[in-house]
Amino acid sequence: MEIILAPHAGFCFGVEKAVNMVYDELHTGEKISTYGPIIHNEEVVRDLESRGVTVVDDAASSAHAGKGAGTMILRSHGVTKAAEEAIRAKGYKVVDATCPFVKRIHKIVQEAGEAGHEVVIVGDPAHAEVEAIAGWTDAPVHIIKEVAQAGEFRVSKDAEITLVAQTTFNLKKFQEIVAILEQNVYNIHVVNTICNATEVRQTEAEEIATSVDCMIVIGGKGSSNSRKLYEICKENCEKTHFIQTLEDLPADALKGVQTVGITAGASTPKNIIEEVLGYVRTTNF
Ligand code: F3S
């Protein structure tokens with residue numbers, strides 16, 4: 001069986017940095033919390049919890065708050081300005097593990113609001129990254145997730161719009177949405193904030209999926225970039241499996257398969273990829 005492993009499968013720069021920051025903080029001996037899961041991978045979050053890291057979802061009601069609150073690490077995909085302020089007000093030492101590419105979007109929307117612009121975020125309104133971005137501006141925020149919504153989008157002729165994207169948004173869909181908006185909105189400043197790590201993984205996944213019999217996408221259920229890799233692969237390879245760990249792979253997944261492609265989302269740790277790779281290498285049907 002021929003195996004093609006996507007060269008960029010697994011941790012991106014921002015996720016690696018954030019996870020390392022948490023492990024580094026563990027050495028300080030302080031009480032460590034993360035605001036929301038540090039990354040969208042249950043295995044990593046579980047491992048950190050086993051080392052005493054607490055996941056806090058609401059700083060305002062956190063039981064750890066007050067004197068000796070310890071350290072709060074802001075998750076890789078960012079938190080709202082209000083949440084960050086609430087965390088500081090509760091007395092936590094704040095370690096900001098927001099990916100620098102996400103932080104850049106916070107700055108863009110903040111400045112857009114200060115300049116009197118309205119903000120369009122192309123992304124999933126239910127995703128924590130998008131919620132956080134929206135929380136960094138006082139401007140009216142419009143969130144567009146689907147191409148159909150772009151056609152219906154209207155603002156006053158005089159409105160100035162700054163448009164950004166969720167870092168993990170599908171590039172092709174983003175381009176379609178922007179093309180439609182540019183026809184209907186007069187003053188629109190488009191900043192393509194889709195992260196290069198996402199583009200690279202999506203392009204690789206598409207290329208590999210078109211040339212294999214079976215595709216395995218490894219990623220957390222809550223990881224939007226992993227899910228998008230799955231969608232892209234499924235479009236190009238009917239036999240695509242989306243798994244969180246090796247246990248999720250159906251026993252007969254490789255039956256009759258000559259070539260198999262493997263990719264993994266930006267929040268998938270190396271050890272899980274290696275486990276799947278090892279299994280595929282040693283399986284014979
Ligand atoms: Fe950052 Fe891009 Fe990863 S935005 S967290 S490097 S996918």
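Read the numbers this way: they start at 1 and go in the same order the structure lists the ligands and their atoms.
- Taken together through direct or relayed side-chain contacts under 4.5 Å among Ile, Leu, Val, Met, Phe, Trp and Tyr, V102 and V130 form parts of separate hydrophobic clusters.
- In terms of protein heavy-atom proximity, atom 3 (Fe) of ligand 1 is closest to C12 SG, 2.2 Å.
- By the neighbour-count criterion of 12 heavy atoms within 6.0 Å, atom NZ of K239 is densely surrounded, having more than that number from other residues, nucleotides or ligands.
- Taking backbone and side chain together, C99 holds no N, O or S atom under 2.8 Å from atom 3 (Fe) of ligand 1.
- Criterion: ILVMFWY side-chain heavy atoms under 4.5 Å apart, direct or through other members. Under it, Y186 and V119 are not part of a common hydrophobic cluster.
- Atom 2 (Fe) of ligand 1 has an N, O or S atom of C195 under 2.8 Å away, backbone or side chain.
- For the residue pair N225 and Y230, no side-chain donor N or O sits within less than 3.5 Å of a side-chain acceptor on the partner.
- Neither the backbone nor the side chain of S76 comes within contact range of ligand 1; no heavy atom lies under 4.0 Å.
- Taking a cut-off of under 4.0 Å to the non-hydrogen atoms of T167, the atoms of ligand 1 that pass are 4 (S).
- When ring centroids are compared, F101 and F13 come within the 6.0 Å threshold.
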